[in-house]
Amino acid sequence: MRVLSGIQPSGSLHLGNFFGMMKKMIEHQEQEDLFCFIANYHAMTSVADGKQLAQGTLEAAANFLALGLDPEKSTFWVQSDLPEVQELAWALSNFTPMGLLERCHSYKDKIARGIAANHGLFAYPVLMAADILLFQSEKVPVGKDQKQHVEVTRDIAIKFNNAYGDIFTLPEPEIDDEVATVPGIDGQKMSKSYGNTIDLFQEEKALRKSVMRIVTDPTPVEDPKDPDKCNVFQIYRLFLNKEEEKSLRQRYLAGGMGYGEIKEELFVTVRDFFAPYAARRQELLADKDGLRQILADGRDKARHAASKTLRKVRKKTGLAY
Ligand code: ADP
Ligand code: TRP
């Protein structure tokens, strides 16, 4: 099955990105025909500094590769290395009702937070639809916040198919309920834009600080605590198997365990879990040309897969004459 997803290179990687999306993607490469890309066109909606975007793109690539994405088993590229996707986005725009985009939560949330509405932000889901449809993707693993964008993609694809015949496969979002929304240190959804993240690759001191800042209630040490209402537990459980989660739950319910103690444990767990990946990431970033070569090979593979769809689109729409 063809599985596709992308991640924006706009900022450092946090636990929400890892557990909400990347981990699943990397697991998929064993069984599925995995397509994975760095969504740098999308990142332009929030990054207006060229150096930062270029550096962020290489870092995002190094992150994925360090965490285990294998460019031999999957197709891994940078979105802007295949500008053909913009041609498809334009074609799709003509089948995208304004109302469909106006209803997008992600757009509405950004406007509500005071981000200036521009066309890039508004048309973002159309470009995302082009990413998905260009490769005839069947499954799209994303966090809950992106589910609506996959539904928008389906709506656009249906309209396009109605006009020109069955060109596009209709994709399904894949959302893992266990980790649908990873909470941030304040209990809201973990997100770069809320400043509440725990980042994967950071100095030990900074990591410890962000774990210690996780908001907890003032229940005294000796009292029993409710794990389901605790932000530390909700984050900790992502690293645990069922048995370990059960025994942590019992420690909460028994009382006598302070939040400081459990935060210290969580810090050590996060640090030790990501340490080997951090080392691999540094190696990759030390050889930028090697990294660029991996991405160039990925681009060629992706271009080959895209060309079939594009030829059909050009023919059916009359762009090829
Ligand atoms: P952010 O909200 O920090 O800007 P992105 O929008 O770049 O993160 O998200 C990249 C990927 O990670 C998407 O698939 C998104 O759904 C997923 N993701 C981001 N934050 C979370 C979270 N808190 N819980 C689960 N998945 C998340
Ligand atoms: N919008 C996604 C995000 O912010 C990134 C993305 C761009 C994407 N194009 C995609 C995800 C296509 C899945 C499929 O997380």
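The residues of the chain are indexed from 1 along the displayed sequence. None of these values were measured; they are calculated from a predicted model.
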Chemist: Gln234 and Pro183: which non-hydrogen atoms are nearest, and at how many Å?
Modeler: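 Closest approach of Gln234 to Pro183, heavy atoms only: CB-CG, 3.7 Å.
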Chemist: Side chain of Asn118, backbone of Leu121: donor and acceptor closer than 3.5 Å?
Modeler: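 The answer is yes, because a donor-acceptor pair under 3.5 Å joins these two groups.
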Chemist: With a cut-off of 6.0 Å (strictly less than), are more than 12 heavy atoms of other residues, nucleotides or ligands near NZ of Lys23?
Modeler: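 It does not: Lys23 NZ has 12 such atoms or fewer within range.
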Chemist: Could you tell me whether the side chain of Val215 reaches within less than 4.5 Å of the side chain of Ile185, counting heavy atoms only?
Modeler: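 No - every pair of side-chain heavy atoms lies 4.5 Å or more apart.
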Chemist: Using side-chain contact (heavy atoms from CB on, under 4.5 Å), reason through Leu34 and Thr75 one step at a time and then give a plain yes or no.
Modeler: CA-CA 6 Å; Leu34 177 66; Thr75 302; over 6 Å; no
Chemist: Are Ile26 and Val142 linked, directly or through intermediate hydrophobic residues, by side-chain heavy-atom contacts shorter than 4.5 Å (ILVMFWY only)?
Modeler: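 Result: no, two separate clusters.
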Chemist: To the closest 0.5 Å, what do you measure between OG1 (Thr269) and CD (Glu244)?
Modeler: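 Taking OG1 in Thr269 and CD in Glu244, the distance rounds to 9.0 Å.
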Chemist: Is a donor from one side chain sitting under 3.5 angstrom from an acceptor on the other, for Asp131 and Gln79?
Modeler: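 A donor-acceptor contact under 3.5 Å links the two side chains.
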Chemist: Are Val221 and Met257 packed together at the side-chain level, in the sense that at least one heavy-atom pair is separated by less than 4.5 angstrom?
Modeler: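 No - every pair of side-chain heavy atoms lies 4.5 Å or more apart.
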Chemist: Flag yes if Val3 and Leu82 sit in one hydrophobic cluster, no otherwise; membership is Ile, Leu, Val, Met, Phe, Trp, Tyr, and two members link when side-chain heavy atoms are under 4.5 Å apart.
Modeler: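 Result: no, two separate clusters.
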Chemist: What distance do Met1 atom CE and Asp33 atom CG have between them, rounded to the nearest 0.5 Å?
Modeler: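 One finds 11.0 Å between CE of Met1 and CG of Asp33.
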Chemist: Quick one: does Gln148's side chain have a donor or acceptor within less than 3.5 Å of a partner on His105's backbone?
Modeler: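 Yes, the answer is positive, given that a donor and an acceptor are paired below the 3.5 Å cut-off.
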Chemist: Scan residues 310-321 for pairs that pass side chain to side chain donor-acceptor pair (under 3.5 Å), counting only residues two or more places apart or in two chains.
Modeler: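 Pairs touching residues 310-321 that pass the test: Glu87-Arg314.
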Chemist: Keeping the roles fixed (side chain from Asn40, backbone from Ala54), state whether a donor-acceptor pair exists under 3.5 Å.
Modeler: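 Here the side-chain-to-backbone pair does not exist.
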Chemist: Does Ile132 belong to the same Ile/Leu/Val/Met/Phe/Trp/Tyr cluster as Phe76, with side-chain heavy atoms less than 4.5 Å apart forming each link?
Modeler: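 Per the 4.5 Å side-chain linkage, Ile132 and Phe76 are not co-clustered.
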Chemist: Suppose the criterion is side chain to side chain donor-acceptor pair (under 3.5 Å): which pairs have a residue in residues 13-22, not counting sequence neighbours?
Modeler: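 Pairs touching residues 13-22 that pass the test: His14-Asn17.
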Chemist: Can you list every salt bridge (charged side-chain N to carboxylate O under 4.0 Å, His left out) pair that touches residues 151-170, not counting sequence neighbours?
Modeler: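 Matches after skipping sequence neighbours: Lys147-Glu151, Arg154-Glu172.
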Chemist: What pairs of residues pass the salt bridge (charged side-chain N to carboxylate O under 4.0 Å, His left out) test when at least one of them lies in residues 248-264, not counting sequence neighbours?
Modeler: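 Listed once each, the pairs are Arg208-Glu264, Asp228-Arg249, Glu245-Arg249, Arg251-Glu261, Arg251-Glu265.
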Chemist: Please give me the minimum heavy-atom distance between Gly56 and Pro9, naming the atom from each residue.
Modeler: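 Closest approach of Gly56 to Pro9: O-CB, 3.5 Å.
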Chemist: Taking a hydrophobic cluster as the set of Ile, Leu, Val, Met, Phe, Trp and Tyr residues connected by side-chain heavy atoms closer than 4.5 Å, whether directly or through intermediates, do Phe35 and Leu65 fall within one such cluster?
Modeler: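 Unlinked, Phe35 and Leu65 end up in two clusters.
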Chemist: Is any side-chain heavy atom of Thr153 closer than 4.5 Å to one of Ser137?
Modeler: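 The answer is no; the side chains never approach within 4.5 Å.
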Chemist: Only pairs at least two apart or in different chains count here, so list each ring-ring contact (aromatic ring centres under 6.0 Å, His included) that has a residue in residues 156-192.
Modeler: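 Checked against ring-ring contact (aromatic ring centres under 6.0 Å, His included) - neighbours excluded - the pairs reaching residues 156-192 are Phe95-Phe160, Phe95-Tyr164, Phe160-Tyr164, Phe160-Phe168.
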Chemist: Is the count of non-hydrogen atoms from other residues, nucleotides or ligands lying under 6.0 Å from Glu222 atom CD greater than 12?
Modeler: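 Counting neighbours around CD of Glu222, more than 12 heavy atoms of other residues, nucleotides or ligands fall under 6.0 Å, so yes.
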Chemist: Would you give the length of the straight line joining atom OG of Ser12 to atom CG of Asn63, rounded to the nearest 0.5 angstrom?
Modeler: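 Rounded to the nearest 0.5 Å, the OG-CG separation comes to 9.0 Å.
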Chemist: Is the Phe273 ring parallel, tilted or perpendicular to the Phe18 ring (thresholds 30°, 60°)?
Modeler: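 Because their plane-to-plane angle is over 60°, the rings of Phe273 and Phe18 count as perpendicular.
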Chemist: Who are the side-chain hydrogen bond (donor to acceptor under 3.5 Å, both in side chains) partners of Ser307, not counting sequence neighbours?
Modeler: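 Partners of Ser307 under the side-chain hydrogen bond (donor to acceptor under 3.5 Å, both in side chains) test: none.
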Chemist: Please round to the nearest 0.5 Å and tell me the distance separating atom SG of Cys104 and atom OH of Tyr124.
Modeler: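 One gets 10.5 Å once the value is rounded to the nearest 0.5 Å.
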Chemist: Look up atom CD1 in Ile214 and atom CD1 in Ile235, then write down how far apart they are to the nearest 0.5 Å.
Modeler: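 If I round to the nearest 0.5 Å, the distance is 4.0 Å.
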Chemist: If I compare all heavy atoms of Gly298 with all of Trp77, which pair ends up nearest, and what's the gap?
Modeler: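 Taking every non-hydrogen atom into account, C-CB, 3.8 Å.
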Chemist: Can you see which heavy atom on Val85 is nearest to which on Ala130, and at what distance?
Modeler: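 Closest heavy-atom pair between Val85 and Ala130: O-CB, 3.6 Å.
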Chemist: For a side chain to side chain donor-acceptor pair (under 3.5 Å) check, start with the C-alpha distance between Gln188 and Asp186, then their side-chain angles and the critical distance, and finish with the verdict.
Modeler: CA-CA 6 Å; Gln188 285 194 82; Asp186 58 356; 3.1 Å; yes
Chemist: Please collect all salt bridge (charged side-chain N to carboxylate O under 4.0 Å, His left out) contacts where either partner lies in residues 271-290, sequence neighbours excluded, each pair once.
Modeler: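 As it turns out, the salt bridge (charged side-chain N to carboxylate O under 4.0 Å, His left out) pairs with a partner in residues 271-290, which skip direct neighbours, are Glu59-Arg281, Glu204-Arg271, Arg280-Glu283, Asp289-Arg292.
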Chemist: Closest approach of Met190 and Gly16, non-hydrogen atoms and distance?
Modeler: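 For Met190 versus Gly16, the nearest heavy atoms are SD-N, 3.5 Å.
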Chemist: Is there a continuous path of hydrophobic side-chain contacts, each under 4.5 Å between heavy atoms, that joins Phe37 to Val47?
Modeler: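 Phe37 does not cluster with Val47.
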Chemist: Is there a side-chain contact between Ser5 and Met21 in this structure, where contact means two heavy atoms from C-beta onward sitting under 4.5 Å apart?
Modeler: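 In contact.
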Chemist: Answer whether the closest heavy-atom distance between the side chains of Leu207 and Asp199 falls below 4.5 Å.
Modeler: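 Leu207 does not reach Asp199 side chain to side chain.
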Chemist: Name all residues meeting the side-chain hydrogen bond (donor to acceptor under 3.5 Å, both in side chains) criterion together with Lys144; count only those two or more places apart in sequence or in a different chain, and write none if there are none.
Modeler: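 Once residues adjacent in sequence are excluded, Lys144 has no partner under the side-chain hydrogen bond (donor to acceptor under 3.5 Å, both in side chains) criterion.
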Chemist: What's the verdict on side-chain contact (heavy atoms from CB on, under 4.5 Å) for Val140 and His149, showing C-alpha distance, side-chain angles and the deciding distance?
Modeler: CA-CA 10 Å; Val140 182; His149 288 157; over 6 Å; no
Chemist: Between Glu32 and Arg2, does the salt bridge (Lys or Arg N to Asp or Glu O under 4.0 Å) criterion hold? Intermediate values first, please.
Modeler: CA-CA 6 Å; Glu32 316 290 356; Arg2 181 151 300 172; over 6 Å; no
Chemist: Output all residues satisfying ring-ring contact (aromatic ring centres under 6.0 Å, His included) with Phe19, sequence neighbours left out; order by chain, then residue number.
Modeler: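 So Phe19 forms a ring-ring contact (aromatic ring centres under 6.0 Å, His included) with Phe239.
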Chemist: Can you check whether Leu253 reaches Pro227 side chain to side chain, under 4.5 Å on heavy atoms?
Modeler: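 Yes, side chains in contact.
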Chemist: Does Pro71 offer a backbone N or O that forms a donor-acceptor pair with the side chain of Lys301 under 3.5 Å?
Modeler: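 Confirmed, Lys301 side chain pairs with Pro71 backbone.
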Chemist: Which heavy-atom pair separates Pro141 from Leu4 by the least distance, and what is that distance?
Modeler: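 For Pro141 versus Leu4, the nearest heavy atoms are CD-O, 3.4 Å.
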Chemist: Less than 4.0 Å between a side-chain N and a carboxylate O, is that true for Lys73 and Glu30?
Modeler: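 Here Glu30 pairs with Lys73 in a salt bridge, since their nearest N and O are under 4.0 Å apart.
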Chemist: Run the side-chain contact (heavy atoms from CB on, under 4.5 Å) check on Leu284 and Leu58 step by step: do they pass?
Modeler: CA-CA 9 Å; Leu284 285 158; Leu58 286 171; over 6 Å; no
Chemist: If the test is side-chain hydrogen bond (donor to acceptor under 3.5 Å, both in side chains), which one of Asp217, Asn231, Thr216 qualifies with Tyr259?
Modeler: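 By the side-chain hydrogen bond (donor to acceptor under 3.5 Å, both in side chains) criterion, Tyr259 pairs with just one of Asp217, Asn231, Thr216: Asp217.
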Chemist: side-chain hydrogen bond (donor to acceptor under 3.5 Å, both in side chains) with Glu102: which residues, sequence neighbours excluded?
Modeler: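 Residues passing side-chain hydrogen bond (donor to acceptor under 3.5 Å, both in side chains) with Glu102: none at all.
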Chemist: Applying salt bridge (charged side-chain N to carboxylate O under 4.0 Å, His left out), which residue pairs with at least one partner in residues 105-116 are found, sequence neighbours left out?
Modeler: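 Every candidate salt bridge (charged side-chain N to carboxylate O under 4.0 Å, His left out) pair involving residues 105-116 fails, so no pair, neighbours aside, qualifies.
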Chemist: Do any pairs count as a ring-ring contact (aromatic ring centres under 6.0 Å, His included) and have a residue in residues 192-237, sequence neighbours left out, and if so which ones?
Modeler: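 Applying ring-ring contact (aromatic ring centres under 6.0 Å, His included) to every pair that reaches into residues 192-237, excluding sequence neighbours, yields Phe233-Tyr252.
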Chemist: From Thr45 OG1 over to Leu127 CG, what is the distance, rounded to the nearest 0.5 angstrom?
Modeler: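 It is 9.5 Å, given to the nearest 0.5 Å.
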